[in-house]
Peer 1: 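Below: one structure in structure tokens.
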Number of protein chains: 2
Amino acid sequence: MRQYVAPTVTVDGVVLRLLGEQLEVLLVRREQSPFKGEWALPGSYVSRSETTTQALQRTLHAKAGLDAQQLTFTEQLYTFDTPAMQDPRGHAVSVIYFVLGRGLQPAAGKGESPTFFPVDALPHLAYQHNDVVWHTLERLKGKITYTNIMFALLPSRFTFRQLQTGYQAILGRALDKRNFRKKILELHLIEPTASFDKKSAHRPARLYRFKKQSLESLTRNFD
Amino acid sequence: MRQYVAPTVTVDGVVLRLLGEQLEVLLVRREQSPFKGEWALPGSYVSRSETTTQALQRTLHAKAGLDAQQLTFTEQLYTFDTPAMQDPRGHAVSVIYFVLGRGLQPAAGKGESPTFFPVDALPHLAYQHNDVVWHTLERLKGKITYTNIMFALLPSRFTFRQLQTGYQAILGRALDKRNFRKKILELHLIEPTASFDKKSAHRPARLYRFKKQSLESLTRNFD
DNA sequence: ACAAAAGTGTTAAGAATACACCCATGT
DNA sequence: ACATGGGTGTATTCTTAACACTTTTGT
């Protein structure tokens with residue numbers, strides 16, 4: 001049998017968080033060639049002794065201090081296949097993951113300045129990472145219509161306003177308050193808790209929680 | 001920097017054709033270990049000098065005599081990441097592609113007995129390939145509702161009956177003839193040609209063609 | 001009493017579904 | 001003339017979208 005030399009395998013993560021009314025993505029400033037000094041998605045090489053998801057966790061921990069427990073959803077997005085001529089590292093196969101978390105904070109003082117940027121105000125990114133982020137956002141827009149994926153972005157208890165704001169941030173458009181409540185309640189995604197959000201100078205809002213803390217497909221679509 | 005040994009990279013294809021009222025998938029009988037003698041999706045190793053899509057084309061040509069020109073649609077499906085312990089070859093990263101073609105015929109006499117099997121009557125497959133086929137079919141079901149992907153499975157000119165039969169084979173359920181025509185025409189996916197299918201002992205059916213021979217997203221969903 | 005956000009129903013338009021008969025051709 | 005699949009329209013149900021006021025709290 002012919003002898004094959006394997007391409008290099010790398011892994012990158014598109015890590016998203018919801019902060020206020022903004023959806024934000026984690027970037028690092030590269031300290032090594034290629035693209036030294038440019039912003040990029042966090043990533044690294046995958047060695048033979050680890051799976052791509054293990055390599056991803058190792059990378060997010062090393063570069064941004066994020067722990068696997070804080071990451072409430074991980075899904076493979078796409079695998080890029082860079083011909084040797086277009087990548088200074090030679091032929092590389094990059095497996096990209098889509099990662100969501102709740103209230104993520106990058107650890108200060110880590111080497112590559114891990115920073116969350118609002119998705120509608122990204123700097124220029126190394127590789128084709130601007131496109132990768134765009135595709136990720138499209139995927140999230142799709143998934144939000146037929147799954148309970150918002151559970152991965154919101155705190156465990158939240159108000160209807162927070163939920164609607166999250167949907168609006170992801171879909172990029174305003175939703176009607178009454179229709180939104182009606183639709184969400186019909187989907188039986190969430191349930192009321194006994195408590196209220198009392199931290200504001202107005203009528204307290206009831207807190208809700210997701211019934212399931214893992215991905216489920218809806219029987220009917222939202223929207 | 002730490003030294004990494006790259007995992008092995010392989011590529012596999014889920015090649016589908018529409019024959020009569022059946023959707024069929026291409027399988028080969030493995031001649032090498034692991035899983036020698038079992039049916040599996042056609043695949044092979046990817047070397048550093050080729051991309052995964054090039055490796056896929058090389059494989060489909062070598063194992064089943066299929067030519068890139070006959071393959072009307074190719075899309076990446078998923079990348080499996082087999083930890084070293086579960087795969088006799090050690091840690092392998094397998095990039096799986098979803099491939100559609102029109103009137104595909106595997107070349108007889110090629111080594112690994114390339115054979116199309118109806119998707120609802122598959123033998124047991126090596127690796128996790130039965131699951132892979134299942135996921136592929138779900139993907140196709142999804143895509144058929146919001147794209148013109150049927151163009152890749154039907155001949156360039158076809159009757160409404162062929163079109164409806166194709167949709168039914170993919171969706172796995174019967175559709176109402178009148179509603180189907182109405183819906184398809186509203187989507188402006190296809191256009192009538194001047195000719196008719198005269199090869200039958202009954203009223204000739206008008207032949208239609210797809211307006212676009214490349215993937216397009218529909219503005220409104222089918223179904 | 002005022003400011004601020006919470007909470008609540010109805011109507012109209014559009015989309016999806018169910019359903020049965022006549023038409024054109026070959027044998 | 002008959003067998004076979006081709007081709008066509010309407011009525012009903014369900015889903016989506018538009019829209020404004022009252023309630024509850026803190027200051």
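Just so we're on the same page: letters track the sequence lines, and every chain starts at 1. Remember, predicted model here, so these are calculated numbers, not experimental data.
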Peer 1: Dump every N/O contact between nucleotides 24-27 of chain D and the protein below 3.5 Å, one line per pair.
Peer 2:
from: dT24(D); atom 1: O2; to: Arg203(A); atom 2: N; distance (Å): 3.4

Peer 1: Rounded to the nearest angstrom, tell me the gap between atom CG in Leu163(B) and atom C1' in dG5(D).
Peer 2: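 Spelled out: CG on Leu163(B) to C1' on dG5(D) is 16 Å.
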Peer 1: Does either side chain, that of Ser113(A) or that of Thr115(A), offer a donor lying less than 3.5 Å from an acceptor on the other one?
Peer 2: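 Distance-only check fails for Ser113(A) and Thr115(A).
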Peer 1: If you measure only the distance, is there a donor-acceptor pair under 3.5 Å linking the side chains of Asp81(A) and Thr52(B)?
Peer 2: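 The answer is yes; a qualifying pair exists.
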Peer 1: OP1, OP2 of dG6(D) versus side-chain N and O of Arg206(B): anything below 4.0 Å?
Peer 2: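 No, because none of the side-chain N or O atoms of Arg206(B) sits under 4.0 Å from OP1 or OP2 of dG6(D).
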Peer 1: Taking CZ from Phe158(B) and P from dG5(D), how many angstroms apart are they, rounded to a whole number?
Peer 2: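 The distance from CZ of Phe158(B) to P of dG5(D) comes to 20 Å, rounded to the nearest Å.
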Peer 1: Lys199(B) has an atom NZ; how far is it from atom P of dA24(C), in whole Å?
Peer 2: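 It works out to 22 Å between those atoms.
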Peer 1: Between Thr74(B), Leu71(B), Val28(B), which is the residue that forms a side-chain contact (heavy atoms from CB on, under 4.5 Å) with Leu60(B)?
Peer 2: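 With Leu60(B) as partner, side-chain contact (heavy atoms from CB on, under 4.5 Å) holds for just one option, Leu71(B).
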Peer 1: According to side-chain hydrogen bond (donor to acceptor under 3.5 Å, both in side chains), who are the partners of Glu138(A), at least two apart in sequence or on a separate chain?
Peer 2: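 Partners of Glu138(A) by the side-chain hydrogen bond (donor to acceptor under 3.5 Å, both in side chains) criterion, ordered by chain and then number, come out as Lys141(A).
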Peer 1: side-chain hydrogen bond (donor to acceptor under 3.5 Å, both in side chains) with Arg139(A): which residues, sequence neighbours excluded?
Peer 2: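 Arg139(A) satisfies side-chain hydrogen bond (donor to acceptor under 3.5 Å, both in side chains) with Glu75(A) only.
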Peer 1: Just to be sure I understand the geometry, which residues of residues 141-151 of chain B put a non-hydrogen atom under 4.0 Å away from DNA chain D?
Peer 2: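 DNA chain D contact set from residues 141-151 of chain B: none.
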Peer 1: Taking CG from Leu207(B) and C1' from dG7(D), how many angstroms apart are they, rounded to a whole number?
Peer 2: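 For the pair Leu207(B) CG and dG7(D) C1', the rounded distance is 15 Å.
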Peer 1: In the 5'-to-3' direction, what one-character label does each nucleotide of nucleotides 14-19 of chain C receive under the scheme B = base within less than 4.0 Å of a protein heavy atom, S = sugar-phosphate only, - = no such atom?
Peer 2: -SSBBB
Peer 1: Taking C-beta and beyond as the side chain, do Glu21(A) and Gln168(A) meet within less than 4.5 Å on heavy atoms?
Peer 2: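 Glu21(A) vs Gln168(A): side chains apart.
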Peer 1: Roughly how many Å is it from CZ in Phe222(A) to C1' in dT15(D), rounded to a whole number?
Peer 2: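 In whole Å, dT15(D) C1' and Phe222(A) CZ are 14 Å from each other.
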Peer 1: Does this structure show an ion pair linking Glu38(B) with Arg30(B), if we count only N-O contacts that are shorter than 4.0 Å?
Peer 2: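 Result for this pair is no, no salt bridge flagged.
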Peer 1: Going by the rule side-chain hydrogen bond (donor to acceptor under 3.5 Å, both in side chains), which residues pair with Arg178(B) if we only count those two or more places apart in sequence or in a different chain?
Peer 2: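 side-chain hydrogen bond (donor to acceptor under 3.5 Å, both in side chains) list for Arg178(B), sorted by chain: empty.
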Peer 1: Would you call Val99(A) and Leu66(A) a side-chain contact if the rule is heavy atoms closer than 4.5 Å?
Peer 2: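 A side-chain contact is absent here, since even the closest heavy-atom pair is not under 4.5 Å.
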Peer 1: Whole-Å distance between dG7(C) C1' and Gln164(A) CD?
Peer 2: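 Answer to the nearest Å: 12 Å.
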Peer 1: With ring centroids as reference points, do Phe222(B) and Tyr167(B) lie under 6.0 angstrom apart?
Peer 2: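 Centroid distance Phe222(B)-Tyr167(B): below 6.0 Å, so yes.
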Peer 1: Does the side chain of Leu122(B) reach to within under 4.5 Å of the side chain of Trp39(B), using non-hydrogen atoms?
Peer 2: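 A side-chain contact under 4.5 Å is absent here.
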